[in-house]
Amino acid sequence: MPLALLALAVGAFGLGTTEFVMMGLLPDVADDLHISIPAAGHLVSAYALGVVVGAPLLAALTARLPRRTVLISLMALFVAGNALSALAPGYDSLLAARFLSGLPHGAFFGVGAVVATNLVAPERKARSVSLMFMGLTVANIAGVPVATLMGQHLGWRATFLGVSLIGIAAMAAVFFLIRPAHAPAPASGLRGELSALRSLPVWLALATTVVGFGALFSAYSYITPMLTDAAGYADANVTLLLALFGVGATIGNLVGGRLADHAMRGTLFGGLVSMVAVLLLFPVLMRTEWSAALAVVLLGIAAFITGSPLQLMVMERAVAGPSLASSANQAAFNLANAGGAWIGGVALAAGFGVTSPALAGAALAVLGLGVASVAYAVDRRRDVPAPTGHVRVVASHVPEPAEPVHSS
């Protein structure tokens with residue numbers, strides 16, 4: 001695996017840290033700006049909205065530019081957004097800065113995934129994507145806890161200044177480690193990128209992302225009350241347990257990338273089936289502290305096994321213009337975040353119990369299996385090669401050579 005993938009992972013680490021750290025800083029921000037916790041929660045939504053808007057928009061606007069230039073520019077926008085967050089004088093300006101910070105998120109992952117696959121041989125494409133995503137999963141293990149502690153001891157503004165420095169480091173890494181020849185401007189341009197979105201298989205792959213990862217966020221959005229009210233953990237231990245989720249996500253991401261290079265469709269179906277099983281077991285696993293910790297790790301593994309297969313599947317279905325579709329998949333991921341959290345909240349508000357969001361997530365994972373099955377059927381009907389990470393070669397019929405003529 002080339003060292004250039006490290007540059008993409010550093011960028012992903014910064015993006016993952018700034019996306020999730022706000023959840024741990026909500027009380028500090030609310031106290032400092034004299035706003036309520038629910039109002040501070042809108043700062044999380046503002047970032048997610050920025051991702052949904054920015055992913056397809058920035059991918060389209062930069063369709064004719066060299067990919068290396070695009071990655072550096074997106075990181076520059078990320079640095080600016082986080083610096084403005086640190087300097088925001090009030091709630092409204094912080095809300096706008098968070099939206100700005102989210103704009104480059106999806107486009108960076110989308111374009112970065114295309115660049116990552118160009119850096120390696122065809123049989124290692126899924127692994128290259130998983131190594132870029134590893135920056136995101138490691139952010140949940142180290143970046144978010146460290147940034148949260150920094151915010152609690154030095155003030156929340158220091159956290160965003162620190163994240164800006166990570167963005168500057170990512171810009172330097174992209175500049176020095178990714179050669180222009182490995183990240184040129186796409187030949188298809190905007191027209192090719194837009195044409196890819198007219199494909200039914202692309203939309204089915206995006207729908208699988210929305211529903212499949214919606215299953216994760218239905219449960220994960222309410223993991224804290226499950227751990228405290230059902231498993232009996234103290235509030236002070238929740239941060240450590242969330243780091244365990246990051247450990248599981250990192251394991252699942254690496255395993256999923258390796259397996260997907262051999263059988264992408266099988267890895268996707270296997271990940272969704274494991275998600276159903278883990279979420280169905282949540283009410284049982286949340287009865288004791290040790291089994292609840294195990295449940296958190298297993299949830300991370302099962303969810304992120306599907307990450308690389310889904311990203312690469314969208315790109316392969318949009319072969320004429322993969323950057324826009326790849327970025328749209330990140331928007332789909334954030335729609336899953338919002339939709340899954342809403343569905344889990346409905347189950348909780350209905351009085352079905354503190355672990356009911358996990359059961360709602362299991363139902364979403366089953367629905368995800370259904371969407372993935374429809375996508376598979378459409379691919380077979382259209383004779384689309386099975387996405388295995390390898391090029392399928394079909395031998396044509398060659399006539400047998402004629403018998404030699406012997407003269408007497």
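Predicted model only: the values in this text are computed from it and were never measured. Any value given below was found using the heavy atoms of this structure, including those in side chains, with hydrogens, waters and symmetry copies removed.
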**Q** Whether the side chain of S73 engages the backbone of T69 through a donor-acceptor N/O pair (distance < 3.5 Å, no angle test) should be reported.
**A** yes

**Q** To the nearest 0.5 Å, what is the distance between CZ on R317 and CG on L312?
**A** 9.5 Å

**Q** So, taking the atom named OG1 in T17 and the one named CG in L136, what distance separates them when rounded to the nearest 0.5 Å?
**A** 8.5 Å

**Q** Verify, without hydrogens or angle tests, whether Q311 (side chain) and S326 (backbone) share a donor-acceptor contact under 3.5 angstrom.
**A** yes

**Q** How far does OG1 of T306 sit from CE of M313, to the nearest 0.5 angstrom?
**A** 10.0 Å

**Q** With sequence neighbours excluded, tell me which residues meet side chain to side chain contact (heavy atoms under 4.5 Å, CB included) with I251.
**A**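 For I251, the residues satisfying side chain to side chain contact (heavy atoms under 4.5 Å, CB included) (neighbours in sequence not counted) are V247, V255, I301.
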
**Q** Could you measure the distance from the CG atom of L268 to the OG1 atom of T208? Nearest 0.5 Å is fine.
**A**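 So the CG of L268 and the OG1 of T208 are separated by 6.5 Å.
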
**Q** List the atom of A362, the atom of L280, and the distance in Å for their closest heavy-atom pair.
**A** CB-CD2, 3.8 Å

**Q** Is F175 close to M75 at the side-chain level, that is, under 4.5 Å between some pair of heavy atoms?
**A**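 Side chain of M75 against side chain of F175, heavy atoms only: no contact under 4.5 Å found.
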
**Q** Report yes or no: do N329 and T209 form a side-chain donor-acceptor pair below 3.5 Å?
**A**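 Yes, a side-chain donor-acceptor pair sits under 3.5 Å.
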
**Q** Find out whether the Lys NZ or Arg CZ of R265 is both under 6.0 angstrom from the six-membered ring centre of Y376 and within 45° of the ring's axis.
**A**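 Negative - R265 is either too far from the ring of Y376 or too far off its axis.
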
**Q** Determine, step by step, whether L71 and L8 satisfy the side-chain contact (heavy atoms from CB on, under 4.5 Å) criterion, reporting the C-alpha distance in whole Å, the side-chain angles of both residues, the deciding distance to 0.1 Å, and the verdict.
**A** CA-CA 9 Å; L71 290 172; L8 299 174; 3.8 Å; yes

**Q** State, to 0.1 Å, how close R127 and S130 come at their nearest heavy-atom pair, and which atoms those are.
**A**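 For R127 versus S130, the nearest heavy atoms are O-OG, 2.7 Å.
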
**Q** Roughly how far, to the nearest 0.5 Å, is CZ of R124 from CG of L5?
**A**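 The distance works out to 11.0 Å.
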
**Q** Would a 4.5 Å heavy-atom cut-off, applied to side chains only, mark L15 and F78 as touching?
**A** yes

**Q** Locate the shortest heavy-atom distance separating P357 from G344; write the atom from each residue and the value.
**A** CG-O, 3.5 Å

**Q** Is there a side-chain contact between T250 and L254 in this structure, where contact means two heavy atoms from C-beta onward sitting under 4.5 Å apart?
**A** yes

**Q** Can you find a pair of side-chain heavy atoms, one from L279 and one from L299, that are under 4.5 Å apart?
**A** yes

**Q** Using 30° and 60° as the class limits, which term best fits the ring planes of F133 and F109: parallel, tilted or perpendicular?
**A**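 Judged by the thresholds at 30° and 60°, the geometry between F133 and F109 is tilted.
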
**Q** Would you say S218's side chain and A215's backbone share a donor-acceptor pair under 3.5 angstrom?
**A** no

**Q** Would F217 and F333 count as a close aromatic pair, with their ring centres under 6.0 Å?
**A** yes

**Q** Might you work through the side-chain contact (heavy atoms from CB on, under 4.5 Å) test for I305 and M275, ending with a clear yes or no?
**A** CA-CA 10 Å; I305 279 178; M275 182 90 78; over 6 Å; no

**Q** Looking at every non-hydrogen atom in both residues, tell me the closest pair between L272 and G212 and how far apart they are.
**A**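 Taking L272 first and G212 second, the nearest heavy atoms are CD2-CA, 4.0 Å.
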
**Q** A side-chain contact here means heavy atoms from C-beta on lying under 4.5 Å apart; do F282 and L359 qualify?
**A**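 Counting from C-beta outward, F282 and L359 never come under 4.5 Å.
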
**Q** Treating T18 as the side-chain partner and G14 as the backbone partner, does any N or O pair qualify as donor plus acceptor under 3.5 Å?
**A** no

**Q** Could you tell me if Y91 and H34 have a donor-acceptor pair between their side chains, going purely by distance under 3.5 Å?
**A**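 No, no side-chain donor-acceptor pair sits under 3.5 Å.
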
**Q** Between H262 and T267, is there a side-chain heavy-atom distance shorter than 4.5 Å?
**A** no

**Q** I would like to know whether V10 and F13 meet side-chain contact (heavy atoms from CB on, under 4.5 Å); could you show each step before the answer?
**A** CA-CA 5 Å; V10 172; F13 178 81; 5.5 Å; no

**Q** Only one of T148, D32, D31 clears side-chain hydrogen bond (donor to acceptor under 3.5 Å, both in side chains) with W156; which?
**A**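 Passing option: D32.
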
**Q** So, T62 side chain and L65 main chain: donor-acceptor pair closer than 3.5 Å or not?
**A**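 Judged by distance alone, no pair lies under 3.5 Å.
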
**Q** Looking only at heavy atoms, which two atoms of S85 and S101 are closest? And how far apart?
**A** OG-OG, 3.8 Å

**Q** Would you indicate whether R157, at its atom CZ, is surrounded by more than 12 heavy atoms from other residues, nucleotides or ligands within a distance under 6.0 Å?
**A** yes

**Q** Kindly give the heavy-atom pair with the smallest separation between Y233 and A292, and that separation in Å.
**A**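 Scanning both residues completely, I find the closest heavy atoms to be CE1-CB, 4.1 Å.
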
**Q** Using a 4.5 Å cut-off on heavy atoms from C-beta on, say whether the side chain of Y222 contacts that of T355.
**A**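 No - every pair of side-chain heavy atoms lies 4.5 Å or more apart.
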
**Q** Working to the nearest 0.5 angstrom, can you tell me the gap between S221 OG and M226 CE?
**A** 9.0 Å

**Q** Output yes when a side-chain donor or acceptor of S291 lies under 3.5 Å from a complementary backbone atom of T288, and no otherwise.
**A**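 Answer holds: yes.
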
**Q** How about E316 and M264: do any of their side-chain heavy atoms sit closer than 4.5 Å?
**A**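 The answer is yes; the side chains approach within 4.5 Å.
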
**Q** Taking the six-membered ring for Trp and the full ring for Phe, Tyr or His, determine whether the centres of F245 and Y220 are under 6.0 Å apart.
**A**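 For F245 and Y220, the ring centres are under 6.0 Å apart.
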
**Q** Do side-chain atoms of R68 reach the backbone of I178 as a donor and acceptor pair under 3.5 angstrom?
**A** yes

**Q** Are M286 and I223 close enough, and set up right, to give a side-chain contact (heavy atoms from CB on, under 4.5 Å), and what steps lead you there?
**A** CA-CA 10 Å; M286 284 293 161; I223 195 70; 4.0 Å; yes

